[in-house]
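Here the structure is a predicted model, which is why all the values come from computation and not from measurement.
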Amino acid sequence: MTEGTTTSAAAEGADTLTRLEQEGEIAADYLEGLLDIADLDGDIDMDVEADRASVSIISDAGGRDLQKLVGRDGEVLEALQELTRLAVHRETGDRSRLMLDIAGYRAKKRAELAELGAKAAAEVKSSGEPVKLKPMTPFERKVVHDAIKGAGLRSESEGEEPQRFVVVLPA
């Protein structure tokens, strides 16, 4: 790799980081407005993780009020994430892959799904037979696929939304 290519790659990485930070700021402003309208207390935390802007709403009060924004099985959280992505798109003109977490719901879910993926991988390794998991959201499937890959196996998604599911395959 030449020096010009290295400099170009570094500049591209810096541009991407700046763009993702801008997405986070736009999302934070949008979510602050929603919290004000709903008269809910929460602090906004912004980060960049795995080439995505990541925004979390956290609360010192245990997050009981914020549970309203999570909803049953994260349904309200998913809707708020889409609305926030649309707000970012409106400002930037670019499609956003922003991740939203509220009161640690998604972080907790990610840990549970990684464990589910590890257990499914262990079952496939011992039986040699494919294992089909229950239908999941795209976020949930991604976490499980990553866990399966980390265990050295393959997986694929089958079915149609909202009944799309992960199949863990033998090596």
Side-chain angles (χ1 to χ4, degrees), residues 16-17 19-21 23-24 26-28 30-31 34-35 38 40 42-59 62-89 94-171:
T16 299
L17 181 61
R19 181 181 52 80
L20 293 174
E21 287 172 345
E23 282 186 19
I26 293 166
Y30 177 76
L31 292 166
L34 283 177
L35 289 173
L40 295 171
D43 295 323
I44 308 290
D45 184 33
M46 297 178 294
D47 200 0
V48 174
E49 299 173 359
D51 292 331
R52 308 181 159 205
S54 175
V55 179
S56 299
I57 302 175
I58 53 178
S59 172
R64 184 162 296 161
D65 284 346
L66 292 181
Q67 290 305 314
K68 298 172 187 172
L69 298 179
V70 173
R72 189 184 76 219
D73 296 327
E75 290 174 341
V76 176
L77 170 60
E78 290 290 334
L80 286 174
Q81 178 174 274
E82 286 307 310
L83 289 172
T84 305
R85 286 177 174 176
L86 287 172
V88 170
H89 182 269
D94 294 325
R95 183 178 177 275
S96 173
R97 294 177 52 234
L98 176 129
M99 249 341 198
L100 175 62
D101 192 5
I102 299 174
Y105 174 83
R106 212 177 278 277
K108 180 181 169 198
K109 190 74 169 172
R110 181 178 278 123
E112 291 170 359
L113 291 165
E115 185 177 329
L116 173 69
K119 286 181 180 177
E123 183 180 334
V124 169
K125 283 179 179 178
S126 69
S127 73
E129 296 295 319
V131 170
K132 294 181 181 181
L133 302 176
K134 66 179 180 50
M136 299 178 191
T137 67
F139 161 76
E140 293 169 334
R141 290 193 310 270
K142 170 77 169 102
V143 173
V144 172
H145 284 303
D146 289 348
I148 300 302
K149 184 177 180 181
L153 295 179
R154 295 181 309 118
S155 60
E156 52 190 44
S157 293
E158 293 184 3
E160 298 293 322
E161 294 292 353
Q163 297 300 313
R164 203 154 164 78
F165 59 93
V166 173
V167 178
V168 183
L169 303 167

Please answer whether the main-chain N or O of G159 pairs with a side-chain N or O of R164 as donor and acceptor at a distance below 3.5 Å. yes
Which residue in the set L116, T137, L113 passes side chain to side chain contact (heavy atoms under 4.5 Å, CB included) when paired with V143? L113
Considering residues at least two apart in sequence or located in another chain, which fulfil the salt bridge (Lys or Arg N to Asp or Glu O under 4.0 Å) criterion with K149? none
With E82, which residues qualify under salt bridge (Lys or Arg N to Asp or Glu O under 4.0 Å), at least two apart? R85
Smallest heavy-atom separation, G117 atom then A147 atom, equals CA-CB, 4.0 Å
Applying side chain to side chain donor-acceptor pair (under 3.5 Å), can you list everything that pairs with T84, at least two apart in sequence or on another chain? none
So H89 and S96, side chain to side chain contact (heavy atoms under 4.5 Å, CB included) or not? Walk me through it. CA-CA 6 Å; H89 182 269; S96 173; 5.9 Å; no
For residues 73-81, please give each side-chain donor-acceptor pair under 3.5 Å, one per line with the distance, not counting sequence neighbours.
unit_1: E78; atom_1: OE2; unit_2: R106; atom_2: NH1; d: 3.2
unit_1: E78; atom_1: OE2; unit_2: R106; atom_2: NH2; d: 3.4
unit_1: Q81; atom_1: OE1; unit_2: L100; atom_2: N; d: 3.0
unit_1: Q81; atom_1: OE1; unit_2: R106; atom_2: NH2; d: 3.1

Do you know the tightest heavy-atom contact between G24 and A53? N-CB, 4.0 Å
Pair L83-Y30, side chain to side chain contact (heavy atoms under 4.5 Å, CB included): steps then yes or no: CA-CA 9 Å; L83 289 172; Y30 177 76; 3.5 Å; yes
State which residues pass side-chain contact (heavy atoms from CB on, under 4.5 Å) with V70; sequence neighbours excluded, sorted by chain then number. Q67, I102, Y105
What residues, two or more places apart in sequence or in another chain, satisfy side-chain contact (heavy atoms from CB on, under 4.5 Å) together with E158? E156, F165, V167
List for me each residue that meets side-chain contact (heavy atoms from CB on, under 4.5 Å) alongside D94, sequence neighbours excluded, and say none if there are none. R19, T92
Minimum heavy-atom separation for G152 and A171, please, with both atom names. O-CB, 4.4 Å
For the student: nearest non-hydrogen atoms of G128 and P170, plus distance: O-CG, 3.2 Å
Across all chains, not counting sequence neighbours, the salt bridge (Lys or Arg N to Asp or Glu O under 4.0 Å) partners of E161 are R141
Under 3.5 Å donor-acceptor pairs involving side-chain atoms of residues 42-49, not counting sequence neighbours:
none

Under the side chain to side chain contact (heavy atoms under 4.5 Å, CB included) criterion, do L66 and I58 qualify, and how do the steps go? CA-CA 8 Å; L66 292 181; I58 53 178; 5.6 Å; no
Distance-minimising heavy-atom pair for P135 and P162: CB-O, 3.9 Å
Taking all atoms of both residues into account, what is the closest heavy-atom pair of A107 and D101, and its distance? N-OD2, 3.3 Å
To the nearest 0.5 Å, tell me how far K142 NZ sits from M136 CE. 14.0 Å
Any side-chain heavy-atom pair of V144 and E140 under 4.5 Å: no
Tell me, which pairs form a side-chain hydrogen bond (donor to acceptor under 3.5 Å, both in side chains) where one or both residues lie in residues 119-129, sequence neighbours left out? E115-K119
Measure the shortest side-chain to side-chain distance between L153 and V124 over non-hydrogen atoms and say whether it is less than 4.5 angstrom. yes
Side chain to side chain donor-acceptor pair (under 3.5 Å) filter on T16, not counting sequence neighbours, yields none
Partners passing side-chain contact (heavy atoms from CB on, under 4.5 Å) against S155 (at least two apart in sequence or in another chain): H145, I148, V166
